[in-house]
Every structure is written in structure tokens, then in C-alpha cells.
Amino acid sequence: MNDKIIDGMKKEGKPFKYVMIFGYVFAILMLLSNYFIFDVKYSDAVILKIFIIYLMFGTFGLYGWLYAVTYKVEFTDDKVYLRTLFKKIKFNIIDIEKYTVKRYRKSVFYQFHLFINGKKILINTRYKDEFENILKSKGISQ
């Protein structure tokens, strides 16, 4: 085959991007509204709690967006390269002992759990048939 298949999650990061923008904008607006509006209906403690909640929404969105943007899996006939937000893994397909595959909820992704030397590695990809054909051609059982 010798084709290199590259898969990522850039499109799936859009909702997280909007959550990040929503959270950070409202956190800033909460502080500015307290500063510019002198008719204060809320105490400083309540405004601080609301600010922290919006800040957490923004941070959650930032994490999800960064993870989706940096996730990348490449596989060929003999190697797999996985890059996520926190780790980079490169291994040979021959090293895989066995695998399991299932669809991730109702999305377009399939989750492959690969068992390599007692470790379990999770790979999400749209290309289920292509990756399974490569695994089966190397004699790896499910």
C-alpha cells in the first residue's frame, strides 16, 4: 500500500473554541460591569464567584480546543505516529499484540485500543477500514 494516511480533529475543535470565547468574554465583562456600574446589586463575593465560573468555562474550552487542534495520527504499512497535546508516540505495527475497535458514541470516529508490550494505547481515527486492513495484513488479531 505504502500510502500515508493522516487524520486529525481540527473540525471537531470548533465548539470548544466557541465555549472558550464565550467563557473568557463573559468573565471579562463581569469584572468590567462591576467596575463601570456603580449601582451594585451583587456583592463582591458573588461577582468573584461568577467570574471564576466563567473563567473555568473558558479554560475548559481552551483545553478542548488545543487538544483537538494538536491531535494527529499518521499511519503507513509499518509505522504509526500519534501526536496529542501532551505526548508523542511512534511505534511499529509489528509490535502490536492485539487490538479492539468500537465506534465512539455517534461521531465519525472509531477508537482503536492497541496493546503493545503490556501497554494500552488509544487511537481515534475516521479510517477504520484502512487501519483494520493494515492490522489484519500483518496478522494481528482482534
Side-chain angles (χ1 to χ4, degrees), residues 1 3-138 140-142:
M1 182 170 129
D3 289 332
K4 186 179 206 180
I5 298 175
I6 301 172
D7 195 10
M9 292 186 181
K10 287 188 180 182
K11 293 178 188 173
E12 285 74 18
K14 267 189 173 180
F16 289 107
K17 183 178 175 182
Y18 296 134
V19 168
M20 174 191 66
I21 292 169
F22 170 79
Y24 286 149
V25 165
F26 275 97
I28 292 170
L29 287 177
M30 184 54 65
L31 290 179
L32 292 176
S33 69
N34 188 29
Y35 182 72
F36 287 119
I37 299 173
F38 298 111
D39 184 24
V40 179
K41 296 179 184 176
Y42 302 109
S43 67
D44 289 340
V46 171
I47 290 177
L48 184 64
K49 287 178 187 176
I50 295 172
F51 168 76
I52 290 174
I53 289 171
Y54 282 133
L55 193 69
M56 288 187 333
F57 272 115
T59 305
F60 172 73
L62 178 65
Y63 169 74
W65 179 62
L66 286 176
Y67 192 86
V69 168
T70 58
Y71 188 87
K72 186 177 183 181
V73 61
E74 301 175 17
F75 52 90
T76 60
D77 282 342
D78 50 346
K79 291 198 183 257
V80 175
Y81 176 71
L82 174 68
R83 180 175 165 231
T84 65
L85 185 60
F86 297 112
K87 61 184 173 181
K88 296 178 185 177
I89 300 172
K90 185 185 282 189
F91 57 89
N92 294 325
I93 290 186
I94 299 170
D95 297 337
I96 300 172
E97 299 163 0
K98 63 180 180 174
Y99 72 95
T100 61
V101 63
K102 67 177 184 173
R103 188 170 184 155
Y104 181 70
R105 298 185 185 170
K106 293 183 180 179
S107 71
V108 296
F109 286 100
Y110 290 91
Q111 289 185 332
F112 283 87
H113 293 277
L114 307 174
F115 297 93
I116 302 171
N117 299 330
K119 290 185 179 180
K120 183 176 170 182
I121 297 176
L122 175 68
I123 292 183
N124 296 315
T125 184
R126 292 179 181 90
Y127 303 106
K128 175 189 181 245
D129 296 332
E130 290 86 350
F131 195 52
E132 266 190 325
N133 289 339
I134 291 172
L135 292 172
K136 286 181 182 176
S137 69
K138 299 295 181 181
I140 300 167
S141 64
Q142 187 170 2

Which heavy atom in [X] sits nearest to a heavy atom in [Y], and how many Å separate them?
X	Y	result
I6	Y127	O-CE1, 3.9 Å
A68	E12	CB-C, 4.4 Å
K128	F112	O-CZ, 3.8 Å
L55	A27	N-CB, 4.1 Å
E97	I140	O-CG2, 3.9 Å
I116	D95	CG2-O, 3.8 Å

Quiz item: Hey, what's the ring geometry for Y54 with F22, parallel, tilted or perpendicular (30° and 60° as the breaks)?
Solution: perpendicular
Exercise. Look at the rings of F16 and F60 and say which category their plane angle falls in: under 30° parallel, 30 to 60° tilted, over 60° perpendicular.
Key: perpendicular
Can you measure from [atom1] ([X]) to [atom2] ([Y]) and round to the nearest 0.5 angstrom?
X	Y	atom1	atom2	answer
T100	Q111	OG1	CD	9.0 Å
L62	I21	CG	CD1	10.5 Å
I121	I89	CD1	CD1	4.5 Å
N92	K79	CG	NZ	4.5 Å
Y110	D129	OH	CG	7.5 Å
Q142	L135	CD	CG	9.5 Å

Self-check item: Verdict with reasoning, F131 to I5, per side chain to side chain contact (heavy atoms under 4.5 Å, CB included)
Solution: CA-CA 9 Å; F131 195 52; I5 298 175; over 6 Å; no
Quiz item: Only one of I134, D3, N133 forms a side-chain contact (heavy atoms from CB on, under 4.5 Å) with D77, so which one is it?
Solution: I134
Practice problem: Please name the residue in the list D78, T76, V80 that meets the side-chain contact (heavy atoms from CB on, under 4.5 Å) test with I93. | Solution: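 Considering D78, T76, V80, a side-chain contact (heavy atoms from CB on, under 4.5 Å) with I93 is found only for V80.
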Quiz item: Should the heavy atoms of other residues, nucleotides or ligands under 6.0 Å from CZ of F91 be counted, would the total exceed 12?
Solution: yes
Self-check item: Within 6.0 angstrom of R83 CZ, more than 12 heavy atoms from elsewhere
Solution: no
Quiz item: With sequence neighbours left out, what residues match Y71 under side-chain contact (heavy atoms from CB on, under 4.5 Å)?
Solution: M9, Y67, V73, L82, T84, I123, N124
Practice problem: Begin with the C-alpha distance, continue with both residues' side-chain angles, and end with the deciding distance and a verdict on side chain to side chain contact (heavy atoms under 4.5 Å, CB included) for K88 and Y81. | Solution: CA-CA 8 Å; K88 296 178 185 177; Y81 176 71; 3.8 Å; yes
